[in-house]
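A short write-up of the structure that comes next.
Just so it is clear, the values below take in all heavy atoms, side chains as well, and ignore hydrogens, waters and symmetry mates. The first residue in the sequence is number 1, and the count goes up from there.
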Amino acid sequence: MEKEVPDVSRLPLQTPHRFPRSLLTVSLSLAALHATPVWSQASDGTAEEESIQLEAVTVTAESAGASPVTEGTGSYTTEATRTATRLTLAPRETPQSVSVITRQVMDDFAVESITDVVNMTTGVSSKAFDSSRNGFSARGFDITNLMVDGVPTTWSAGWAAGETQMDTLLYDRVEVVRGATGLVTGAGNPSAAINMVRKRADSVQPRGFVSGQVGSWDRYQGTVDLSGALHDSGKIRGRVVGSYLEEGSYIDLAENEKQVLLGTLGIDLTDSTLLNLGASYQENSPTASMWGGLPTWFSDGTRTDWSSSKTTAPEWAEWASTQTTYYANLEHTFDSGVRLYGAYSRATNEADLRLLYLSGAPDKTTGLGMSASPTWYDVSREQDTLDLSATIPFYFAGQDHEVVIGSMYSQQELVTDRRAPLTRPPVGNYFEWDGAYPEPEWGPSAVYTTQDTDELGAYAVARLRLADPLQLIIGSRISDWETSGMKWDGSTYKFEHEHEITPYAGLIYDINDQYSTYVSYSEIFNPQDYQDRNGDYLDPLEGQNYEAGIKAEYFGGRLNASLAVFRIEQDNLAQPDIGQVVPGGIAQAYYAAQGTTSDGYEIEVSGALTENWNLLVGWAQFSAEDADGEKVNTRYPRRGANLFTTYRMGRLTLGGGVNWEDGNYTIATNPLGQRDKLEQSSYALVNVMARYALSDELSLQLNVDNLLDKKYYSQIGFYQQHAFGEPRNGKLELRYSF
């Protein structure tokens, strides 16, 4: 029979070697936990468990204040998160809507990139700009930053350097907090914070896996993940994670090569001091990359109907990118329970963009009429971040309380160089496009745009237990934010915002041991560089999030459920001023929509229904309008549902998932100068998986995505073009774990 994971609450635990037991949140490294069930035949003919025989158990420790890892637990939920407030809070204690995509979810459904994570997360959606870029949204607004280990990273989709293609192999879990998150992120939109939590070198015993994978469109991948002690004492632990991928694509001509590497050390400097060091690297090397999408209209104003495989890219085009990160964090826990934390990271994203943009509308008969704009960009974005915090537990008036105070400084430099084409051959008949369009001769490289952004924030947040059933979480952040740079037309800009205050408050009432209810208020601000038809820059976005809900935990926290209702109010939301451009250029002009609101609700259930049955199910919907009642950001679906589940029967695990998305649309101008509504109707994507344990160490897993081969737009209206999502495809993986 397949090895089962027993109820860990019944296991005798020995004190780990790192921190004093009174200061520990002890977690089991369940990937190294071997438990062999013994079964007998019950009187009703069903299998009955008689006993559990335990082999070696590896126990690691998380310092006080850190949230537990999900890797090796086999769980679709987590005991606690820190993304919402920097306090370590159980889902029931967090006064905001939170989703966690655990390591087990990612493994079961072959979730490969952060974009894949977004596509299966309740209340969050993704739209493709082209073959190498995606945009994320939640509750009707753009998500403008990603976080790694709690450190915000701001990026521009226009100068993307692989941010939305980051490989999930490097992460233990992804935590998503919806709504305004100014307390932890500083600047941003009242949409969501997406926090990717890295894997750590926590295991003393040798642990890991190697795997090989084949898939549709000539996909071949090899992966390794190895960890263990590097010293007999176990005080120095190491981990190496790596992957190499080659694959084709459903899009004509397109191919990709990807390399991923993580090396990290966990070092116990003392029994109470832990140092983590690491470096990661990801390189994406695609060919025949598209810039934008497919033409939406023919020249007579009628709609096109292309195959999903149609491309606008030549063979030489590439949206190549590399991401390199170096990081270190040090944490020390005093006997009093006070925890000090310091972290530094340096992240460099670089992109080599040799691209061709095809614009215009082809003639329905001849295929003529498309224009070619080749350009070569080199993009470099470097960010240095320093993160310091102190977690202070204290006892007052017969209750336990906790305060976190901290500061974060980040400096980001973005430089884009450009080479202009010296030649520009005609496109010819687009119906006969085969990617053989010749690469032009290029002019010299010159600086095209620059942007320097500095942000300094200080925050304090407290968890105060006012009474046994009632907790208050209250905090605030003060931020100084400055950005300056040069635009493509040679003009310069500078924005500076000092002493921006972003408050946070939440009240949680425990109805009983299973249910709690909450209300919360949070704010966020977001400087922006959109210009109106007069050339003036729009004022910063200002957003407030009001939320109330009820949460529940079942089976000792192995299953969590939540219902949240929310209202977001936002001013100065940039909306396209249809038919207007910025003076002296061709850039789209925008206007600032006032009194924008988004109202809605979200429901999610995640975790285990039984020992063998995991479940992640959610529903979200919202309505976003400006002060005049006009819908805003209509390109985002108003309703969405997700269901992912697996059931284990001995050595066989079967699973499936459904993503359903409501219709969305955008208004654009067709070649005849008429306003036209581009629309994607509602659709559902069905995914299935099956895994069979050939032995205790060796398993074979099959994943099939878009099982029903649904043809759908992955985006509509970007550059007044559109793109298609992936048709049916499969992956087969053979994995050896130890």
Side-chain angles (χ1 to χ4, degrees), residues 112-118 126-136 143-148 151 153-171 194 196 198 219 221 241-249 251 253-262 279-293 311 313-327 345-357 374-383 412-419 445 448-451 714-715 718 723:
E112 183 177 348
S113 70
I114 186 62
T115 297
D116 295 335
V117 170
V118 166
S126 167
K127 295 299 174 187
F129 294 120
D130 39 43
S131 60
S132 298
R133 295 182 294 171
N134 287 76
F136 304 149
I143 298 173
T144 52
N145 60 47
L146 298 173
M147 305 170 70
V148 180
V151 174
T153 299
T154 302
W155 95 99
S156 167
W159 303 120
E163 289 85 352
T164 60
Q165 297 176 306
M166 287 187 286
D167 201 297
T168 59
L169 180 66
L170 307 182
Y171 306 110
I194 301 176
M196 296 166 283
R198 291 188 186 98
R219 176 190 176 95
Q221 183 175 17
V241 181
S243 173
Y244 178 79
L245 166 71
E246 289 184 357
E247 62 180 345
S249 173
I251 300 174
L253 309 174
E255 296 179 349
N256 186 42
E257 181 181 340
K258 181 174 66 173
Q259 302 174 59
V260 179
L261 183 64
L262 168 70
S280 65
Y281 176 81
Q282 179 170 332
E283 179 179 352
N284 302 304
S285 302
T287 56
S289 301
M290 292 178 65
W291 186 11
T311 185
E315 293 177 329
W316 51 264
E318 61 177 353
W319 200 296
S321 62
T322 61
Q323 301 91 45
T324 306
T325 303
Y326 303 95
Y327 62 93
S345 65
R346 179 177 180 83
T348 301
N349 286 56
E350 297 179 320
D352 185 7
L353 314 179
R354 239 179 347 147
L355 301 170
L356 177 69
Y357 175 59
T375 310
W376 190 346
Y377 297 108
D378 287 308
V379 180
S380 175
R381 179 178 58 76
E382 296 182 348
Q383 177 169 320
Q412 185 179 116
E413 296 180 359
L414 173 68
V415 178
T416 302
D417 296 331
R418 177 177 181 265
R419 295 178 177 91
S445 178
Y448 188 65
T449 63
T450 65
Q451 185 178 76
S714 58
Q715 69 90 0
F718 182 63

Item to complete: Report yes if some heavy atom in the side chain of V260 is under 4.5 Å from a heavy atom in the side chain of V241; otherwise report no.
Response: no
Worksheet item: Going by heavy atoms in the side chains, are E112 and D167 under 4.5 Å from each other?
Response: yes
Worksheet entry | Salt bridge flag under 4.0 Å for residues D378 and R419 | yes
Item to complete: Answer whether the closest heavy-atom distance between the side chains of V118 and D116 falls below 4.5 Å.
Response: no
Practice prompt. Please name the pair of heavy atoms, one in N256 and one in N284, separated by the smallest distance, quoted to 0.1 Å.
Written response: OD1-C, 4.3 Å
Item to complete: Check for a donor-acceptor pair, side chain of T164 on one end and backbone N or O of T115 on the other, with a separation under 3.5 Å.
Response: no
Practice prompt. Calculate, to the nearest 0.5 Å, the distance between atoms OG1 and CD belonging to T322 and E350 respectively.
Written response: 4.5 Å
Fill in: Which atom of V151 lies closest to which atom of Q383, heavy atoms considered
CG1-NE2, 4.3 Å
Worksheet item: When rounded to the nearest 0.5 angstrom, what is the spacing between OG1 in T348 and CZ in R346?
Response: 5.0 Å
Worksheet item: Under the criterion side chain to side chain donor-acceptor pair (under 3.5 Å), which of S126, S113, S714 is the partner of N134?
Response: S126
Fill in: 4.5 Å side-chain heavy-atom contact, M196 and V148
yes
Worksheet item: Does R381 come within less than 4.0 Å of E413, counting only side-chain N to carboxylate O?
Response: no
Worksheet item: Taking the side chain as C-beta and beyond, is there a heavy-atom pair between R219 and L245 under 4.5 Å?
Response: yes
Practice prompt. List the steps and the verdict of side-chain contact (heavy atoms from CB on, under 4.5 Å) for F136 and L146.
Written response: CA-CA 10 Å; F136 304 149; L146 298 173; 4.2 Å; yes
Worksheet item: Can you find a pair of side-chain heavy atoms, one from I251 and one from T311, that are under 4.5 Å apart?
Response: yes
Worksheet entry | Beyond-backbone contact of S132 with Q165, side-chain heavy atoms, under 4.5 angstrom | yes
Discussion item. Quick check on ring pair (Phe, Tyr, Trp, His ring centres under 6.0 Å): which of F129, W376, Y357 does W291 satisfy it with?
Written reply: Y357
Fill in: Considering all heavy atoms, the nearest L169-S243 contact
CD2-CB, 3.6 Å
Discussion item. If we check side chain to side chain donor-acceptor pair (under 3.5 Å) with Y244, which of these qualifies: E283, E257, K258?
Written reply: E257
Item to complete: Mind listing the closest non-hydrogen atom pair of W316 and L355 along with its distance?
Response: CH2-O, 3.8 Å
Item to complete: For residues A313 and S289, report the shortest heavy-atom separation together with the two atoms involved.
Response: CB-O, 3.3 Å
Worksheet item: Tell me, do Y281 and T324 make a side-chain contact under 4.5 Å, heavy atoms counted?
Response: yes
Fill in: Non-hydrogen atoms of A347 and T325 that approach each other most closely
CB-OG1, 3.8 Å
Fill in: OG1-CD1 distance between T153 and I194, expressed to the nearest 0.5 angstrom
12.0 Å
Item to complete: Report yes or no: do S249 and E247 form a side-chain donor-acceptor pair below 3.5 Å?
Response: no
Worksheet item: Measuring from D352:CG to E318:CD, what's the distance to the nearest 0.5 Å?
Response: 4.5 Å
Worksheet item: Going through the distances and angles, do L353 and W319 end up as a side-chain contact (heavy atoms from CB on, under 4.5 Å)?
Response: CA-CA 5 Å; L353 314 179; W319 200 296; 3.3 Å; yes
Worksheet entry | Ring-face cation of R354 near Y377 (centre distance under 6.0 Å, axis angle within 45°) | no
Practice prompt. Rounded to the nearest 0.5 Å, what's the gap from NZ on K127 to CZ on F718? Could you check?
Written response: 14.0 Å
